[in-house]
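Remember, it's 1-based here, ligands and their atoms both numbered in the order they're listed.
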Amino acid sequence: MAEVNQYVNWFRQSSPYINAMRNNTMVIMLSGEAIKDPNFDNVIHDIALLNSLGIRLVLVYGARPQIEQKLAEQGTPALLHHRRRVTDANTLRCAVEASGSIRALIEAKLSTGLINTPMHGSKIRLVSGNFVTARPAGVFDGVDLCYTGEIRRIDHKAIKQLLDLNSLVLLSTIGYSPTGEMFNLPVEQVAAKAAIALGADKLILMGKEQGITDSSGVTRSELLSGTAQRLLNQYQHQIDDPDQAQSEISTLLETAITACDAGVQRCHLVSYKEDGAMLAELYTREGSGTMVTEESYEQVRDAGVEDIGGIIELISPLEEDGTLVRRSRERLEAEIEQFIVIERDGAIIACAALYNFAEDRMGELACIAVDSDYLGGNRGEILLKAVEERALQKNLNGLFVLTTRTAHWFLEQGFSAINVQQLPREKQLIYNLQRNSNVFLKEISP
Ligand SMILES: CC(C)(COP(=O)(O)OP(=O)(O)OC[C@H]1O[C@@H](n2cnc3c(N)ncnc32)[C@H](O)[C@@H]1OP(=O)(O)O)[C@@H](O)C(=O)NCCC(=O)NCCS
């Protein structure tokens, strides 16, 4: 029974994510290593589930180890020049063969519908085609990379039409040129360019590692692209480090940064080795890997005395119309440490306060307001989350709020109505009978 409850809880908690991501376009990169991995069947099941949850999916698959295996079977060494593959005619043949076999393998696995398997009833329609136009990468330091290519363009219109028809689009690392030739492309580049061209909501890069770990071995769940760039610079200083995982991580980071800088809002580094890692990353609050996002120009932070002017400007119209209780400048000065603000380009566009009633392990959420020019951007919810985090740090287990006009917003945020008598005694004594505010409480836990 405990297991069923856990499952039900997990399912319920993931529903906001399911709703938020339905109809999102996601590009998933599967390296040749991911395809060879024993966990690949589980990755396929998760892809099928994403499809069932209404995600518009583009799968980009690589074939590096498979090409190398074919070359090794022939006794031909793989040719590299400054970490770039030199694709001669024989290597291209191996690349086309490897890519064709993998496509068939993915098609077969995504067609499975056996009863008692996670794929039962999934009915996925897969499409592949000549969506990637390529040109030769050219000659580097006098070395001709032959059929190693660069991407010229991605036919995003055709891909979008197929996604509109609920098809799952499969992209390989073979690109075609208007001269009728084939070119071998790096899988990371195809994935990033496809995500950029499609304006994808997410790019998911599946690597060996769980994501980016800090010096104490903890996975960083989120990185701004600027921080990711600094980490990448560090990794590139160790470029001669023979540690394979590190060089894979730096390639993935570089890909994520390129995509983020070109407008893909979220790039996720997730492990292909760990069962369910992609689902955990997308549908749980904690995630499982690392999400790289573009530098945000809005910042949620604790307020300081220098913010008082901005806060007054923000809240005075709401005080005038009676939505918020009046606060004098002196009171604000005295309480400023209890405030959190959202700053955007140097202006305060939202604020909230948390008053601590430590004896009762309760906090009061007060003075939550968003500048009228910035309503509709979920900032109220972002502030509430920040207040909840601070309340948890202060070891509180409930947040209460007194409101006259915003009852439904608080109900929608998980608050429930309580009696004045349930408030901390100290607060009851100053409860303003004339305002006759509604009182709400939200229990909070880590
Ligand atoms: C409450 C507030 C902080 C939310 O900020 P936000 O997330 O940027 O909010 P939005 O205005 O975009 O509203 C988000 C949702 O809440 C709803 N909402 C906003 N104010 C509401 C209210 N007073 N009562 C009920 N629902 C409300 C909106 O309609 C919207 O839902 P919808 O998208 O389904 O229509 C903001 O509306 C605000 O500053 N209000 C004035 C100050 C206030 O009332 N503070 C509370 C004092 S106790």
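At the top of the distance list for atom 37 (O) of ligand 1, counting protein heavy atoms only, stands Leu375 CD2, 3.6 Å. Nearest protein heavy-atom neighbour of atom 14 (C) of ligand 1: Trp409 NE1, 3.9 Å. Closest to atom 48 (S) of ligand 1, if we only count protein heavy atoms, is Thr403 OG1, 3.4 Å. When hydrogens are left out, the protein atom nearest atom 42 (C) of ligand 1 is Ile368 O, 3.6 Å; that is the closest non-hydrogen contact.
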Run the numbers on Asp307 and Arg301 for salt bridge (charged side-chain N to carboxylate O under 4.0 Å, His left out), then give the verdict. CA-CA 11 Å; Asp307 301 317; Arg301 61 168 175 78; 2.9 Å; yes
Would Arg56 and Asp164 count as a salt bridge (charged side-chain N to carboxylate O under 4.0 Å, His left out) here? Give the steps. CA-CA 8 Å; Arg56 294 152 60 88; Asp164 289 344; 2.9 Å; yes
Apply salt bridge (charged side-chain N to carboxylate O under 4.0 Å, His left out) to the pair Glu389 and Lys385, showing each step before the final yes or no. CA-CA 6 Å; Glu389 266 169 34; Lys385 282 221 176 82; over 6 Å; no
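Counting only non-hydrogen atoms, the option in Pro317, Ala350, Cys367, Gly376 that gets closest to atom 12 (O) of ligand 1 is Gly376. Nearest-heavy-atom check against atom 7 (O) of ligand 1 across Gly377, Gly380, Ala352 picks out Gly380. When the heavy atoms of Val370, Leu383, Leu402 are ranked by distance to atom 5 (O) of ligand 1, first place goes to Val370. Compare Leu314, Val401, Thr406, Ile382 by their heavy atoms: the one nearest to atom 20 (N) of ligand 1 is in Thr406.
Once rounded to the nearest 0.5 Å, the distance linking CG of Leu59 with CG of Leu126 reads 7.0 Å. Summarising the geometry, atom CG belonging to Leu198 is positioned 10.5 Å from atom CG belonging to Leu203; distances are rounded to the nearest 0.5 Å.
Within a 4.0 Å radius of atom 28 (C) of ligand 1, the protein has no heavy atom. Per-atom contact check: atom 10 (P) of ligand 1 touches the protein, criterion being a heavy-atom distance below 4.0 Å. For atom 35 (O) of ligand 1, the nearest protein heavy atom is 4.0 Å or more away. By the definition of a contact as any protein heavy atom under 4.0 Å away, atom 16 (O) of ligand 1 is in contact. Less than 4.0 angstrom separates atom 40 (N) of ligand 1 from none of the non-hydrogen atoms of the protein. Inside a 4.0 Å radius of atom 31 (O) of ligand 1 there is not any protein heavy atom.
Annotation for ligand 1: atoms under 4.0 Å from non-hydrogen atoms of Thr323 are 42 (C), 43 (C), 44 (O). The ligand atoms of ligand 1 that sit less than 4.0 angstrom from a heavy atom of Ala369 are 39 (O). Taking every heavy atom of Arg379 and a limit of under 4.0 angstrom, the matching atoms of ligand 1 come to 7 (O), 8 (O). Taking a cut-off of under 4.0 Å to the non-hydrogen atoms of His408, the atoms of ligand 1 that pass are 25 (C). The atoms of ligand 1 that sit less than 4.0 Å from any heavy atom of Asn378 are 7 (O). Atoms of ligand 1 found under 4.0 Å from any heavy atom of Leu324, numbered from 1 in the order shown, are 47 (C).
With a 4.5 Å cut-off on side-chain heavy atoms, Arg379 and Glu298 count as touching. A 4.5 Å side-chain heavy-atom check between Thr404 and Thr323 finds every atom pair outside the cut-off. Between Phe415 and Leu399, some side-chain heavy-atom pair lies under the 4.5 Å cut-off. Residues Ile18 and Tyr283 form a side-chain contact, since some pair of their non-hydrogen atoms from C-beta on lies under 4.5 Å apart. Between Glu337 and Asp302 the shortest side-chain heavy-atom distance does not fall below 4.5 Å.
When the shell of 6.0 Å around OH of Tyr431 is examined, it contains more than 12 heavy atoms from other residues, nucleotides or ligands. More than 12 heavy atoms of other shown residues, nucleotides or ligands fall within 6.0 angstrom of atom CG in Asp321.
By the 30° and 60° cut-offs, the orientation of the rings of Phe339 relative to Tyr355 is perpendicular.
Contact annotation: for Thr404 versus ligand 1, there are no heavy atoms closer than 4.0 Å.
Taking any N or O of Arg405, backbone or side chain, at least one lies under 3.5 Å from an N or O belonging to ligand 1.
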